[in-house]
Undergrad: 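This structure is in structure tokens; I'll ask about it shortly.
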Protein chains: 2
Amino acid sequence: MTEPRWLDEKQARAWRGYRRMRALLDLQITRDLAADSGLSDADYDVLSNLSEASPHRLRLTELATTMLWSKSRLSHHLTRMQQRGLVDREECAGDARGSLIVLTEAGLRAIEDAAPHHVDSVRRHMIDLLTDEEIAALDALTHRVVSHLTATS
Amino acid sequence: MTEPRWLDEKQARAWRGYRRMRALLDLQITRDLAADSGLSDADYDVLSNLSEASPHRLRLTELATTMLWSKSRLSHHLTRMQQRGLVDREECAGDARGSLIVLTEAGLRAIEDAAPHHVDSVRRHMIDLLTDEEIAALDALTHRVVSHLTATS
DNA sequence: GCTAGGTTGGTGACACGTCAACAAGCACCC
DNA sequence: GGGTGCTTGTTGACGTGTCACCAACCTAGC
């Protein structure tokens with residue numbers, strides 16, 4: 001490290017703002033989700049990904065990579081969700097190692113009940129507070145950062 | 001819940017982009033921090049807050065509220081950091097219940113060594129990828145959301 | 001003073017995440 | 001077809017976060 005290039009005033013403000021929003025928004029949305037639906041963020045993400053899949057089932061590895069989770073974490077979490085009846089595991093035809101994660105009836109009901117509340121929460125605490133220009137800027141900026149991060153690693 | 005107002009295309013793109021950036025950026029910055037300095041995000045935040053305090057010490061409750069952490073979490077984390085010699089606890093003159101969290105010499109060295117690398121990481125993976133207009137938009141937008149969230153709760 | 005009610009920090013039990021290791025299965029190549 | 005090496009999903013141990021509870025302490029009102 002030669003001469004560290006510190007952030008200037010504006011950059012520092014933006015960075016700290018981002019960090020703080022991130023933390024507060026997380027807390028609030030987690031709270032709302034738990035109060036409205038009894039689900040955790042993690043539960044919601046798993047259910048939502050499964051519900052968007054073709055016949056409501058996905059390979060564990062596939063689910064893990066799209067969620068940016070480790071297989072281990074997902075496996076642990078799925079056993080807990082399985083005990084609550086939200087998902088199930090099926091054997092995978094064609095690959096005897098694999099297991100298919102299936103959305104159960106109860107899981108489908110859970111995500112369908114939760115989604116409207118969740119969208120409302122996201123709107124109230126973030127989206128509806130932004131102008132169209134800010135939405136566009138956020139879209140552009142986040143996607144640029146995302147492609148940088150997925151290219152590098 | 002009457003008629004749920006789903007997100008339109010642009011809003012959904014921005015929201016998903018935000019979520020994905022958030023996750024990827026976290027992973028990357030955590031990785032960098034661990035590789036460069038052997039610190040976790042949590043460690044860094046604690047040390048950075050302490051180093052900015054007047055005589056390098058803060059009440060536990062004060063630190064917890066500025067970090068948006070529970071006192072319990074902070075207390076647990078501090079005992080671990082204390083075992084590594086990064087912080088220490090002092091008795092609090094004037095309030096026998098309280099304890100002052102103090103930055104040790106080693107803790108100061110740790111944060112001073114870590115900071116340049118950390119700033120570099122933040123620049124490379126986010127700040128330097130944004131235009132000045134985007135920085136300004138991010139600043140405005142995050143601070144609006146933050147004040148909404150702090151006002152409500 | 002002293003009592004009632006709030007605050008402070010800590011603790012133990014439990015939920016969750018990470019990491020390393022593993023058995024089982026696939027795929028390829030000779 | 002039988003190594004060789006990679007992939008898949010699971011497990012156990014351990015580090016970390018959450019929650020409920022607690023003792024010690026402050027503060028105000030009487």
Side-chain angles (χ1 to χ4, degrees), chain A residues 22-24 26-35 38-47 49-50 57-84 86-102, chain B residues 22-24 26-35 38-47 49-50 57-84 86-102:
Chain A
R22 190 190 157 298
L24 282 165
D26 245 45
L27 284 173
Q28 187 60 52
I29 287 184
T30 303
R31 254 198 305 267
D32 287 354
L33 203 48
L39 297 175
S40 68
D41 267 18
D43 297 333
Y44 189 90
D45 275 10
V46 170
L47 294 176
N49 274 287
L50 281 176
R57 65 204 64 209
L58 284 172
R59 290 290 293 267
L60 185 141
T61 298
E62 199 179 346
L63 187 51
T65 43
T66 63
M67 294 184 71
L68 302 170
W69 280 22
S70 71
K71 289 185 283 182
S72 161
R73 174 181 181 186
L74 184 53
S75 181
H76 280 304
H77 198 85
L78 287 174
T79 47
R80 293 187 293 261
M81 292 182 73
Q82 193 172 13
Q83 282 161 3
R84 296 195 282 149
L86 296 172
V87 299
D88 216 342
R89 290 181 217 238
E90 276 180 4
E91 288 178 6
C92 176
D95 188 345
R97 295 167 302 181
S99 74
L100 278 175
I101 314 306
V102 194
Chain B
R22 191 191 156 296
L24 283 165
D26 245 44
L27 285 173
Q28 187 61 50
I29 287 184
T30 303
R31 254 198 304 268
D32 287 355
L33 203 48
L39 297 175
S40 69
D41 267 17
D43 297 335
Y44 188 91
D45 275 9
V46 169
L47 294 176
N49 274 287
L50 281 177
R57 66 205 64 209
L58 284 172
R59 290 289 292 268
L60 185 140
T61 298
E62 198 180 346
L63 187 50
T65 43
T66 64
M67 293 184 71
L68 302 170
W69 280 22
S70 71
K71 289 186 283 183
S72 160
R73 174 182 182 185
L74 184 54
S75 180
H76 279 304
H77 198 86
L78 287 174
T79 47
R80 293 186 295 259
M81 290 182 74
Q82 193 171 14
Q83 282 160 4
R84 296 195 282 149
L86 297 172
V87 300
D88 216 341
R89 292 181 214 239
E90 276 180 3
E91 288 178 7
C92 177
D95 189 344
R97 295 166 303 179
S99 75
L100 278 175
I101 315 305
V102 194

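Being a predicted model, the structure only gives us computed values, none of them experimental. A, B, ... follow the sequence lines: proteins, then strands. Residue 1 opens every chain.
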Undergrad: Do A:Arg59 and A:Leu100 touch side chain to side chain, with heavy atoms closer than 4.5 Å?
TA: yes

Undergrad: Under 4.5 Å between any side-chain heavy atoms of A:Met67 and A:Leu63, yes or no?
TA: yes

Undergrad: I need the CZ-C1' distance between A:Arg97 and C:dC26, as an integer number of Å.
TA: 5 Å

Undergrad: Between A:Gln28 and A:Arg31, do the side chains contain an N or O donor and an N or O acceptor separated by less than 3.5 Å?
TA: yes

Undergrad: Within this structure, what is the CZ-to-P distance between A:Arg84 and C:dA15, rounded to whole angstrom?
TA: 12 Å

Undergrad: What's the CD-P distance between B:Gln82 and D:dT16, to the nearest Å?
TA: 15 Å

Undergrad: For DNA chain C, what residues of residues 70-80 of chain A have any heavy atom nearer than 4.0 Å?
TA: A:Ser72, A:Arg73, A:His76, A:His77, A:Arg80

Undergrad: Look at A:Arg89 and D:dT10 and indicate whether a side-chain polar atom (N or O) is within less than 4.0 Å of OP1 or OP2.
TA: yes

Undergrad: Distance check needed: D:dG17 P versus A:Arg31 CZ, whole Å only.
TA: 18 Å

Undergrad: Quick one: does B:Asp43's side chain have a donor or acceptor within less than 3.5 Å of a partner on B:Ser40's backbone?
TA: yes

Undergrad: To the nearest angstrom, how far is A:Asp43 atom CG from C:dC16 atom C1'?
TA: 11 Å

Undergrad: Is there a side-chain contact between A:Arg89 and A:Ser75, using heavy atoms and a 4.5 Å cut-off?
TA: yes

Undergrad: Nearest whole Å is fine: how far is D:dT8 P from A:Arg59 CZ?
TA: 7 Å

